[in-house]
Amino acid sequence: RRVHGGGKKQEKKIKTQKLRGGLLFQELAKGRGPIATIGKRMLVHYTGYLHKNKTQFASSIGGEPLTFALGTRQVIRGWDEGMIGMREGGKRKLIIPPHLAYGSKPTPEVPASSKVIFEIEIVKML
């Protein structure tokens, strides 16, 4: 017996938006709390991947969220620029070009000149 409408799930297409400097983002979940603005302190959970092969290189999931003030260079520029306008409880995927991420200097986890992806959720505004 065949069930109509079954089989493949229709996935909602998530719109990719482009910011200056080549930063791309997707709004994965809209929050309902306060809006992220420059200087606002917040707690976030994140997971970072290399764009090239989707290898995870960093995550706060299962641990303590990261605390920082937006737009104060406490995190990479891609976060400072890509998180503006998010709401508490919201989640975004940031696709960050090298010059807004770690640049030409390699880290132990990220090769030089790598494009990276971060999924970031604002847990709480402080």
Side-chain angles (χ1 to χ4, degrees):
R1 181 177 156 153
R2 187 168 191 174
V3 178
H4 293 285
K8 291 184 180 179
K9 263 186 168 178
Q10 280 196 339
E11 292 184 27
K12 186 177 178 184
K13 180 85 172 150
I14 298 174
K15 182 180 176 186
T16 300
Q17 299 178 60
K18 186 174 185 176
L19 299 175
R20 65 182 178 168
L23 177 65
L24 304 173
F25 77 89
Q26 296 174 334
E27 201 78 48
L28 302 178
K30 291 188 183 230
R32 296 185 182 269
I35 297 173
T37 56
I38 300 290
K40 192 78 170 168
R41 285 179 33 84
M42 60 191 73
L43 294 171
V44 302
H45 270 304
Y46 64 89
T47 303
Y49 304 90
L50 297 176
H51 185 267
K52 182 177 180 179
N53 59 15
K54 307 302 185 261
T55 300
Q56 180 180 314
F57 65 86
S59 182
S60 68
I61 306 301
E64 292 293 316
L66 177 68
T67 304
F68 72 99
L70 188 63
T72 60
R73 297 189 176 186
Q74 295 176 358
V75 292
I76 61 174
R77 281 182 52 206
W79 281 30
D80 277 341
E81 294 179 17
M83 292 181 65
I84 293 172
M86 284 182 72
R87 289 185 175 271
E88 182 179 284
K91 187 174 183 179
R92 275 189 187 167
K93 178 187 283 188
L94 304 177
I95 302 157
I96 306 171
H99 68 281
L100 297 177
Y102 301 98
S104 60
K105 295 180 182 172
T107 72
E109 301 86 13
V110 181
S113 302
S114 291
K115 184 187 286 190
V116 295
I117 299 170
F118 276 96
E119 290 186 7
I120 302 173
E121 177 182 8
I122 299 179
V123 177
K124 183 168 181 55
M125 297 284 193
L126 302 174

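If you read the sequence from its start, that first residue is 1, and numbering goes on from there. Everything quoted here is computed from the prediction, not taken from an experiment.
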Subject >> I61: hydrophobic cluster co-members (side-chain, 4.5 Å) >> reply: none
Original post:
Atom CD of E121 and atom CD of E88: how far apart are they, to the nearest 0.5 Å?
Top reply: 10.0 Å
Subject >> Residue pair Q56 / S59: nearest heavy atoms and the distance that separates them >> reply: NE2-CB, 3.4 Å
Subject >> Candidate list L70, L66, V123, test side chain to side chain contact (heavy atoms under 4.5 Å, CB included), partner M42, passing option >> reply: L70
**OP:** Say whether, by atom type as modelled, one donor and one acceptor occur between the side chain of Q26 and the main chain of K93 under 3.5 angstrom.
**Re:** no
**OP:** Identify the two heavy atoms, one from A112 and one from P106, that lie closest to each other, and give their separation to 0.1 Å.
**Re:** N-CB, 3.6 Å
Original post:
Looking only at heavy atoms, which two atoms of G39 and A69 are closest? And how far apart?
Top reply: O-CB, 3.9 Å
Original post:
Once you round to the nearest 0.5 Å, how far does CD1 of I38 lie from CD1 of I84?
Top reply: 3.5 Å
**OP:** Evaluate side-chain contact (heavy atoms from CB on, under 4.5 Å) for K91 paired with E119, printing each intermediate quantity in order.
**Re:** CA-CA 7 Å; K91 187 174 183 179; E119 290 186 7; 3.8 Å; yes
**OP:** Could you state whether Y49 and L100 fall into the same hydrophobic cluster, counting links through intermediate Ile, Leu, Val, Met, Phe, Trp or Tyr residues with side-chain heavy atoms under 4.5 angstrom apart?
**Re:** no
Subject >> Closest non-hydrogen atom pair between P98 and S113, with its separation >> reply: CG-O, 3.4 Å
**OP:** Walk me through it: do I117 and K54 pass the test side-chain contact (heavy atoms from CB on, under 4.5 Å)?
**Re:** CA-CA 8 Å; I117 299 170; K54 307 302 185 261; 4.2 Å; yes
Original post:
In Å and rounded to the nearest 0.5 Å, what is the NZ to OG1 distance from K124 to T67?
Top reply: 11.5 Å
Subject >> Nearest heavy atoms of G90 and M86, plus distance in Å >> reply: O-CE, 3.5 Å
Original post:
Atom CD1 of I96 and atom NZ of K115: how far apart are they, to the nearest 0.5 Å?
Top reply: 11.0 Å
**OP:** Assess the pair F118 and F25: is the distance between their ring centroids shorter than 6.0 Å?
**Re:** no
**OP:** Flag the pair V75 / Y46 as yes when at least one side-chain heavy-atom distance between them is below 4.5 Å, and no otherwise.
**Re:** no
Subject >> Minimum side-chain heavy-atom gap H51-V116 below 4.5 Å >> reply: no
**OP:** Any ring pair (Phe, Tyr, Trp, His ring centres under 6.0 Å) involving residues 88-114? Give me the pairs, sequence neighbours left out, ordered by first then second residue.
**Re:** none
Original post:
Just by modelled atom types, is the L50 backbone N or O under 3.5 Å from a matching donor or acceptor in the T55 side chain?
Top reply: no
Original post:
Run the side-chain contact (heavy atoms from CB on, under 4.5 Å) check on V44 and M83 step by step: do they pass?
Top reply: CA-CA 11 Å; V44 302; M83 292 181 65; 3.7 Å; yes
Original post:
Between CG of L126 and CZ of F68, what distance do you get to the nearest 0.5 Å?
Top reply: 10.5 Å
Original post:
Which heavy atom of E81 sits nearest a heavy atom of L19, and at what distance?
Top reply: O-CD1, 3.8 Å
Original post:
Are R87 and I122 close enough, and set up right, to give a side-chain contact (heavy atoms from CB on, under 4.5 Å), and what steps lead you there?
Top reply: CA-CA 7 Å; R87 289 185 175 271; I122 299 179; over 6 Å; no
Subject >> hydrophobic_cluster_shared for I120 and I95, side chain cutoff 4.5 Å >> reply: no
Subject >> Spacing of D80 atom CG and L23 atom CG [to the nearest 0.5 Å] >> reply: 11.0 Å
Original post:
Does the T37 side chain pair with the main chain of K40, one donor and one acceptor, at a distance under 3.5 Å?
Top reply: no
